[in-house]
2 protein chains.
Amino acid sequence: MGVAEVNSPLQEPHQSLAERLFLTLRAEIVEGKIPSGSKISEPELARRFNASRGSLREALMRLESLGLLERRVNVGARVVKLSERGLLELYELREALEGMACRLAAEQRSEEDLLDLRQMLSRHEQQEELQAGKAYFQPEGDFDFHFRIVQASKNDLLIDTLCNRLYYRVRMYRYQLGMASPRAQRAFREHSHIIEAIEAGDGELAELLMRRHIRASRQNIENKLR
Amino acid sequence: MGVAEVNSPLQEPHQSLAERLFLTLRAEIVEGKIPSGSKISEPELARRFNASRGSLREALMRLESLGLLERRVNVGARVVKLSERGLLELYELREALEGMACRLAAEQRSEEDLLDLRQMLSRHEQQEELQAGKAYFQPEGDFDFHFRIVQASKNDLLIDTLCNRLYYRVRMYRYQLGMASPRAQRAFREHSHIIEAIEAGDGELAELLMRRHIRASRQNIENKLR
DNA sequence: ATTTCTAATATTGTCGACAATTTTTAAGTT
DNA sequence: AACTTAAAAATTGTCGACAATATTAGAAAT
C-alpha cells in the first residue's frame, strides 16, 4: 500500500490519506514553509509524500475551499498571495462575525462556557504579569480568547466559518508578517471587558466591544505594515 | 448580469467535467430533486452522468465545501438535512455579514453601483404595482437586491462567503419550504430605505436597517413554519 | 536582439481497476 | 422470534495510465 508517512499529524486511526495530506499541507502553507504565491506541482508533491496524485488532489481541493490555494482549470494551484487588501477584508469579516458571536454568547450565557472564559482570562492575566510588557505568548493567548468566544456562540455555521474558513488565513498573516503584538496589556483589558459584558448577558454591548476590539487590532496591524 | 447563471450547466467551452457535474448537482440539490437528507451513491451518479467516479468525487467535494453535502470517511456523502435550527443559524450569519456589506457599500458609494441599485429598485417597484399584493416574483427580486448590495461592498471575501457559501443554502430552504413571501410591499419599503441610507453615505444606518430587515425576514419565515 | 511560429516537454483532467472498509445478507444459537 | 456471528456484496479510498491542455525550448524571420 502507499505508505505515505506524514510526520506531524499521525494520530487518529481511521482518517484518510487525503485528510493527512491536507493537514500537513495546511500547516506548511500557514507557516510559510510553502511560500505564499508559489506554484503547486502535483507530481512533485505526490512524490514527496509517496501518495498518488488523486489523493493529493483531494487535499488540494480542500485547501482551496479554505482559501489557502487558488486553482485554475488546466493550469494548477498556487498558494494564495498575502496582501494588505486581503488582510483588511479578513478583518472586516471578523468584525462582523465575531461581533455576532459575542452577541450570541451573551444571549446563551451557558454556565459552563462562562466558567471556562473566566478561567482562561485569569490564566492569561498571570502570563501577562509574568511577561510584563513583552507579551511573547500573546498571539496564542489571543487566539485562545477568540476561539472560545466563537465556540460559546453555539452557532455551528458561525463556528465553522470562523474557525475553519477564516482563522487559518489569519494565522497565515500573523506567521508570515510576524507580529508579536505590542498591545498586550490593552488587548487583555479589552478581552476582560468583553467577557464581563457576556457575563452580564448584555449582547449588544458585547458585540460593540468585540467589534471595536477587532477594529483596533486591525489598525494596529496596518500601522505596522509601514 | 445578476443571478442568472444558476441553472445553466453545459455551455462554457473550457470548464472541466467536474465543474459541470458540480453545477448540475448543485441545482438539483437546491431544488430538492435530490432530496434533503438522502444518501449519495457515487457509482450510481457516475453512471447517470457517464463520468468516472474520480470526476464525480471532485464535484462532491466542492458541494461539501458549500455545505450542501456532508461526507464521512469510508461511509459516503449525504445531502444536508434542512432544519429550523439550520435556518436560524443561516440568518444569524446573514444578519452579521449583510449588515457589514451595507456599511461597506455606503462607505464606497461608487457612482456606478448607486445607479445600478436605483434602477433595480424602480424595476422592482413596477413589478410591485403590477402584481399588487400577490408578490409572485418577489423571491427572485429579493435575491437580486441582496446580491447587488453584497457586490457593492467590494470586499471579495465577503462576496464569496455570502454569494457562494451561504446563498445556495438559503435558496435551498426557500425552494423546499416553498415560501412565496406575503410581505412584499413591506420588504420593498425596507429595501428602499436601505438604499437611501447607502446613497446618503450613512454606513451605520444602512447596516442597522439591513440587520433589522433580515431579522424581520427570519421571523416571518419562522412564523410560517408552524 | 526581438518576435513569431512550431515542436517538444511537462502538467493537469479523466478514466478504469484494485484494495480497504462498511453494509447487507444469511446462518446458527439461545 | 430475537440476538450474534460470519460470509457476501456493495461502497469508498487509492493507485497508475492515458488523453487533453498548457508551458517551455528552439528555430526561422524580421
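Just so it is clear: chains get the letters A, B, ... in the order the sequence lines come, proteins before strands, and each one is counted from 1. Worth saying up front: this structure is predicted, and the values here are computed from it rather than measured.
- For the pair A:Glu42 CD and D:dA17 C1', the computed distance is 15 Å after rounding to whole Å.
- The nearest pair of heavy atoms linking B:Met100 to A:Ala96 is CB-CB, 3.8 Å.
- Salt bridge present: B:Arg85 and B:Glu89 bring a charged side-chain N and a carboxylate O closer than 4.0 Å.
- Between D:dC15 and A:Ser52, a contact under 4.0 Å exists linking OP1 or OP2 to a side-chain N or O.
- The side chain of A:Ser55 places an N or O atom within less than 4.0 Å of a non-bridging phosphate oxygen (OP1 or OP2) of D:dC15.
- Taking atom CG of residue B:Leu60 and atom P of nucleotide D:dT11, one finds them 14 Å apart after rounding to whole Å.
- The CZ-P distance, from B:Phe49 to C:dG13, rounds to 20 Å in whole Å.
- Checking C:dT12, C:dC15, D:dT14 against the side-chain heavy atoms of A:Arg57 singles out C:dT12 as nearest.
- B:Arg20 places its CZ atom 8 Å from the P atom of C:dT14, with the value rounded to the nearest Å.
- Between A:Glu19 atom CD and D:dT14 atom C1' the separation is 15 Å, expressed in whole Å.
- A perpendicular orientation is assigned to the rings of B:Phe145 and B:His213, their planes being inclined by more than 60° (bins at 30° and 60°).
- Projected onto DNA chain D by closest heavy-atom contact, A:Val75 and A:Glu58 fall at different nucleotides, the more 5' of which corresponds to A:Glu58.
- Between B:Arg71 atom CZ and D:dT12 atom P the separation is 10 Å, expressed in whole Å.
- Checked against salt bridge (Lys or Arg N to Asp or Glu O under 4.0 Å), A:Arg47 has no partners two or more places apart in sequence or in another chain.
- The distance between atom CG of A:Asn74 and atom P of C:dA10, rounded to the nearest whole Å, is 18 Å.
- Under 3.5 Å, the side chains of A:Asp142 and A:His191 contain a donor-acceptor pair of N or O atoms.
- Residues passing the side-chain contact (heavy atoms from CB on, under 4.5 Å) test with B:Gln151 are B:Phe147, B:Ile159, B:Cys163, sequence neighbours excluded.
- Taking the side chain of A:Arg53 as heavy atoms from C-beta on, and the options C:dT14, C:dG13, D:dT12, the nearest nucleotide is C:dG13.
- Near DNA chain D, meaning a heavy atom under 4.0 Å away, the residues from residues 34-41 of chain B are B:Lys39, B:Ile40.
- As rounded to whole Å, 13 Å separates atom C1' of C:dT21 from atom CZ of B:Arg72.
- In this structure, B:Tyr91 OH and B:Glu222 CD are separated by 9.5 Å, a value rounded to the nearest 0.5 Å.
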